[in-house]
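One structure is given below, encoded as structure tokens.
Just so it is clear, the structure is predicted and the values come from calculations on it, not from any experiment. So that the names make sense, note that chain A is the first sequence line, chain B the second, and so on, each numbered from 1.
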There are 2 protein chains.
Amino acid sequence: MRNTLLCCDWGTSSLRLSWVNTQELQIIDEVSGQEGIASTYNAWKESTDKNISQKEFFLQKLQQQINVLATKLGVDLNNIPVVLSGMASSSIGLEELAYAEVPFALDGSKATVRSFEKQPEFSHETVLISGVRNQRDVMRGEETQLIGLVHLMNLPDSKQKEIVFVFPGTHSKHIQVQNNAIINFQTYMTGEFFNLIAQHSILKNSIKNPKQEKLTEADWEGFSRGVQESAKATILHTLFSVRTNQLFNHLTKAQNFFYLSGLLIGTELRSLQQKTVPQIVLSSGSNLYPFYQRAIEELQLTDQTLVVSPEIIDKAAMVGQVRIFEQQLTPI
Amino acid sequence: MRNTLLCCDWGTSSLRLSWVNTQELQIIDEVSGQEGIASTYNAWKESTDKNISQKEFFLQKLQQQINVLATKLGVDLNNIPVVLSGMASSSIGLEELAYAEVPFALDGSKATVRSFEKQPEFSHETVLISGVRNQRDVMRGEETQLIGLVHLMNLPDSKQKEIVFVFPGTHSKHIQVQNNAIINFQTYMTGEFFNLIAQHSILKNSIKNPKQEKLTEADWEGFSRGVQESAKATILHTLFSVRTNQLFNHLTKAQNFFYLSGLLIGTELRSLQQKTVPQIVLSSGSNLYPFYQRAIEELQLTDQTLVVSPEIIDKAAMVGQVRIFEQQLTPI
């Protein structure tokens, strides 16, 4: 069990727990599920046992996941240290930690962490990693993924040229890196907006999710038109074209579903079309990847864009956690 | 009863029926309520009487309103012609009419209308006014209000300089006028977005409607900050500052409620900050007026902006309807 760690990437709506060989940076085995921070917090709020603290409740839930993994593997995982990143350090998580600030060094040396000793009920030394803030924005989790990414990838020198890492999602992040440090970042509410509009706006009557495995050429045509349209005005106005596409029979409802996606992703990515286009690194392990890839082509940003391989994305958070954990052990 | 008309402005969520002296362009009396096109259409859909057509159902409902007005006044309103504008000509209205196209003359001569003879069940000659479309947008109702506005107002000559009329609302309209004709227009989903975000997004936890009659200075400060912030990036990104305002204790939740409003209205109105700022006419009879007025000040557009008086806004739709109705009687 020497040189192993339990790495937990605990997001708002998901949990992933990996048993990791830290010397080879390989995942030995893992469990994952929908037991995210938000539902765990709600479960604590609704718990009838009022003597259990928020932190104790989260550690109980985490221990349950460790037990699942131990049973699956038939090994004893007690006493193996745990490292956590993501929303676990938020006000609705295990314990709220203040954000680290930019510039944030990508060797992990500037991470804000808190260490907990082993306890009778949780026999794991634990390191909780906090997020990062700037003057107007926050993130929790992406900073750790990014530490892993830059460790695993052969990237252009960020001393020469700014690199922007794009992490698509419910709340997409664009992270600017220079001299191997995060100097700034922005959140785009792209994914949340898509869901809001598709579920609650008047436009929901103009679109239809075809729910097929693969997009047709006609679907992609709808998506591309959305990306192009996003150049014309603020999204507050361009969105109404989803309605007129249907009224004027310009697109089918299925095409219009992807048109809406193109409008939103196009609006997000156009912020990268600056005077000096930076080096872009697209980091998406989700089903959003082909849409961001296509939008980057439409916006003629392909030459400036590196795409992170699925294998590296899969390991990024874990490697970032190991790197930060090891920083904690390093004598100054 | 000579020289009188029944003027009905029938919107998605409201109905206003006025008995009008057409020579003096004065409202004699009126009724108004929430019986809009959408709820009337739904009532027809849910009606158990399957023998009644959509049109018959709408005429019944309209007759009920006429009866209310007649009873209120103690007069017989039978045989007085009816003129309708707004959503009554939409697919969910009395009868769907094709849109008129831009350029759309503001003397009313290019309006698309349909006339119906008196019927046993509806003893009113009826003129239904359709909306206007361009290549990518539609409106129903604002074109008629605008015909009334230009008739009532002493406006600068639109031959010299383009005029943009701003109609705030759930779906705000910006209408460009040149040579006394609508040459183009755009819908902004500003009001609908405000409601979507305030009710359904993660940001709903960061704001609170103080529900007081008058805004405090601190509330206005929040609003102004939102307008300023809207310059910085696409609304997909700036919206996330509603969350960080709360996380960082930059604003109270009440201030943040108005900050969100400022962000959205600011984003909408920034489209008016072109190289050559046009003449702007702000036409808002609703509770949105002070917010648009304040945003126009913040954006330093006050010198280019005329504000329509409440009396004129109140009569605009009616006067537009009378003007179009009279066009119908004019021999070519």
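- Taking 4.5 Å as the limit, every side-chain heavy atom of A:Met189 sits out of range of all side-chain heavy atoms of A:Leu196.
- Of the atoms belonging to A:Ile235, it is side-chain heavy atoms, and not backbone ones, that fall under 4.5 Å from chain B.
- Interface summary for chain A: among B:Leu203, B:Leu239, B:Ile197, B:Ile202, the most heavy-atom pairs under 4.5 angstrom belong to B:Ile202.
- Evaluation of the ring pair (Phe, Tyr, Trp, His ring centres under 6.0 Å) rule for B:Phe185 yields no partner, not counting sequence neighbours.
- When heavy atoms are compared at a cutoff of 4.5 Å, B:Phe248 approaches chain A solely by way of its side chain, counted from C-beta outward.
- Listed by chain and residue number, A:Phe223, A:Val227, A:Ile265, A:Leu269 satisfy the side-chain contact (heavy atoms from CB on, under 4.5 Å) test with A:Ala295 (two or more places apart in sequence, or in another chain).
- The two residues B:Ala88 and B:Leu128 come nearest to each other via the heavy atoms CB-CD1, 3.7 Å.
- Atom CG of B:Leu301 sits about 4.5 Å away from atom CD1 of B:Ile280, to the nearest 0.5 Å.
- To the nearest 0.5 Å, atoms CG (B:Leu282) and CZ (B:Phe167) are separated by 10.0 Å.
- Between A:Ile37 and A:Ile92, the shortest heavy-atom contact is CG2-O, 3.1 Å.
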Between chain A and chain B, which N or O donor and acceptor atoms come closer than 3.5 Å?
residue, atom, partner, partner atom, Å
A:Arg136, O, B:Thr244, OG1, 3.1
A:Arg136, NE, B:Glu229, OE2, 3.1
A:Arg136, NH2, B:Glu229, OE2, 1.9
A:Thr187, O, B:His237, ND1, 2.7
A:Met189, N, B:Leu236, O, 2.9
A:Glu192, OE2, B:Ile202, N, 2.6
A:Ile202, N, B:Glu192, OE2, 2.6
A:Glu229, OE2, B:Arg136, NE, 3.1
A:Glu229, OE2, B:Arg136, NH2, 1.9
A:Leu236, O, B:Met189, N, 2.9
A:His237, ND1, B:Thr187, O, 2.7
A:Thr244, OG1, B:Arg136, O, 3.1

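- A 4.5 Å side-chain heavy-atom check between B:Leu272 and B:Leu299 finds every atom pair outside the cut-off.
- Heavy-atom distances place the side chain of A:Leu247, and not its backbone, under 4.5 Å from chain B.
- Contact annotation for A:Phe193: only side-chain heavy atoms (C-beta onward) come within less than 4.5 Å of a heavy atom of chain B.
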